[in-house]
Amino acid sequence: MAPHTRSLSPALLWRLESDGWDLLGFDFVDDGRHADYTAGSPDLPLLADALTVLAEIPAPAVNLKRAEDRWAAYIPEPAHRAALAGGQLAHTDFNPENVIITPGRKAVLVDWAWSTTAAPWLDPALGCIWLIATGRQHPAEAEQWASRIPSWLTVPPDALTAFARANARLWTEIAKNNPGSWSNSLRDAANRYAVFRGGV
């Protein structure tokens, strides 16, 4: 993944494969800190800028999850599942610990374990849930943030509502199977967003 995300992520310095292990060494992000998602945070435009760049990166020809398959169990309508499909690279995990703000005021994305081939509006939609969960933002504030990202303007409203409903189901399931403060927070945020979208 590293060769395709140079403009957004730490540089890959070396790779070592030995005894079944695949080790990667990345450039150190000096003096970086985790992003602040609270309303009015100066980090929010930086994240929007990063997602604007990411939306222009085609998914590389490697074995990636596909959005329409990842959320298939939670979206019964074929047309809504199809709206998730696309040819762009998506990060999909906007835990603030995965977004490092550098002293030069840039958002650097790390931990691409859940990278996915998707429609370009998917990442802003997922970002909204994290802003609600960890930034304690109202869903309308989160969507206002997302509107800074050009790909957000391409999302069909009914598909976004279906996706919000799907994430409410997903995080409710995760919180049930793995209860804890983090999963409960995402469950509550995803359900709040789905209610806001009129999806529950």
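Side chains are part of it too, since the values below use all heavy atoms of this structure and drop only hydrogens, waters and symmetry mates.
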Can you tell me if Thr154 uses its side chain to pair, donor with acceptor, with the backbone of Ser151 under 3.5 Å? yes
Does any non-hydrogen side-chain atom of Leu186 lie less than 4.5 Å from one of Ile174? no
Look only at the side chain of Thr116 and the backbone of Ala118, and say whether a donor-acceptor pair between them is shorter than 3.5 Å. no
Heavy atoms of other groups near Gln144 CD, more than 12 under 6.0 Å: no
Ring pair (Phe, Tyr, Trp, His ring centres under 6.0 Å) against Trp171, all qualifying residues, sequence neighbours excluded: Trp182
Determine, step by step, whether Leu16 and Trp14 satisfy the side chain to side chain contact (heavy atoms under 4.5 Å, CB included) criterion, reporting the C-alpha distance in whole Å, the side-chain angles of both residues, the deciding distance to 0.1 Å, and the verdict. CA-CA 7 Å; Leu16 175 64; Trp14 51 263; 4.3 Å; yes
Atom pair CG (Leu126) and CG (Leu131), whose distance is rounded to the nearest 0.5 Å: 11.5 Å
If you take all heavy atoms of Ile132 and Ala189, which pair is closest and at what distance? CG2-CB, 3.7 Å
Under 4.5 Å between side-chain heavy atoms, hopping through other hydrophobics if needed: is there a path connecting Phe28 to Trp112? no
Between atom NE2 of His138 and atom CZ of Arg192, what is the distance when rounded to the nearest 0.5 Å? 5.5 Å
For His91 and Ser115: C-alpha separation, side-chain torsions, deciding distance, then whether side chain to side chain contact (heavy atoms under 4.5 Å, CB included) applies. CA-CA 5 Å; His91 183 283; Ser115 53; over 6 Å; no
Taken to the nearest 0.5 Å, the spacing of Glu143 CD from Arg148 CZ works out to 15.5 Å
For Thr102 and Asp31: C-alpha separation, side-chain torsions, deciding distance, then whether side-chain hydrogen bond (donor to acceptor under 3.5 Å, both in side chains) applies. CA-CA 7 Å; Thr102 69; Asp31 293 329; over 6 Å; no
Are Asp43 and Arg33 close enough that some pair of their side-chain heavy atoms sits under 4.5 Å apart? yes
Ser41 (side chain) donor-acceptor with Tyr37 (main chain) under 3.5 angstrom: no
At what distance, to the nearest 0.5 angstrom, does CD of Glu68 lie from CG of Leu84? 7.5 Å
Kindly indicate, with the supporting measurements, whether the criterion side chain to side chain contact (heavy atoms under 4.5 Å, CB included) is fulfilled by Val108 and Leu8. CA-CA 5 Å; Val108 175; Leu8 295 170; over 6 Å; no
Considering non-hydrogen atoms only, spot the tightest contact between Gly32 and Ile100 and give its length. CA-CG2, 3.7 Å
Taking all atoms of both residues into account, what is the closest heavy-atom pair of Ala55 and Gln88, and its distance? O-NE2, 2.8 Å
Under a 4.5 Å cut-off applied to non-hydrogen side-chain atoms, are Tyr74 and Arg165 in contact? no
Any heavy-atom pair between the side chains of Lys176 and Thr172 that's under 4.5 Å? no
So, do Arg197 and Leu160 sit near enough that their side-chain heavy atoms are less than 4.5 Å apart? yes
Going from CG on Asp111 to OG on Ser9, what distance comes out if it is rounded to the nearest 0.5 angstrom? 10.0 Å
Answer yes or no: is there a side-chain heavy-atom contact under 4.5 Å between Leu109 and Val99? yes
Closer than 3.5 angstrom, by distance alone: can the side chain of Arg15 be matched with the main-chain N or O of Leu24 as a donor-acceptor pair? no
Going only through I, L, V, M, F, W and Y residues with side-chain contacts under 4.5 Å, is there a path from Phe94 to Leu170? yes
For the side chain of Asn98 and the backbone of Asp93, is there at least one donor-acceptor N/O pair under 3.5 Å apart? yes
Taking all non-hydrogen atoms of both residues into account, name the closest pair between Ala175 and Asn184 and its distance. CB-OD1, 3.7 Å
Check the pair Leu44, Gln137 against side chain to side chain contact (heavy atoms under 4.5 Å, CB included), reporting the backbone distance first and the verdict last. CA-CA 12 Å; Leu44 295 177; Gln137 294 201 35; 3.4 Å; yes
Membership question, hydrophobic clusters at under 4.5 Å side-chain separation (ILVMFWY): are Leu46 and Ile57 in the same one? yes
Looking at SG of Cys128 and CH2 of Trp145, how far apart are the two atoms once the value is rounded to the nearest 0.5 Å? 6.0 Å
Counting only N and O atoms by type, is there a donor-acceptor contact under 3.5 Å from the side chain of Arg6 to the main-chain atoms of Ala11? no
Side-chain heavy atoms under 4.5 angstrom apart, residues restricted to Ile, Leu, Val, Met, Phe, Trp, Tyr: same cluster for Leu47 and Leu153? yes
Could you tell me if Thr92 and Arg70 have a donor-acceptor pair between their side chains, going purely by distance under 3.5 Å? yes
Residue pair Asp158 / His80, side-chain heavy-atom distance below 4.5 Å: yes
Taking the side chain as C-beta and beyond, is there a heavy-atom pair between Pro96 and Asp36 under 4.5 Å? no
Minimum heavy-atom distance between Ile75 and Ala162, given as atom pair plus value: CG1-O, 4.2 Å
For a side-chain hydrogen bond (donor to acceptor under 3.5 Å, both in side chains) check, start with the C-alpha distance between Asn167 and Trp71, then their side-chain angles and the critical distance, and finish with the verdict. CA-CA 8 Å; Asn167 280 289; Trp71 279 272; 3.2 Å; yes
Heavy-atom closest contact (Pro42 atom, Pro45 atom, distance): O-CD, 3.3 Å
Greater than 12 external heavy atoms within 6.0 Å of Arg136's CZ: no
Provide the full list of ring pair (Phe, Tyr, Trp, His ring centres under 6.0 Å) pairs with a residue in residues 114-134, sequence neighbours left out, each pair given once. Trp121-Phe163
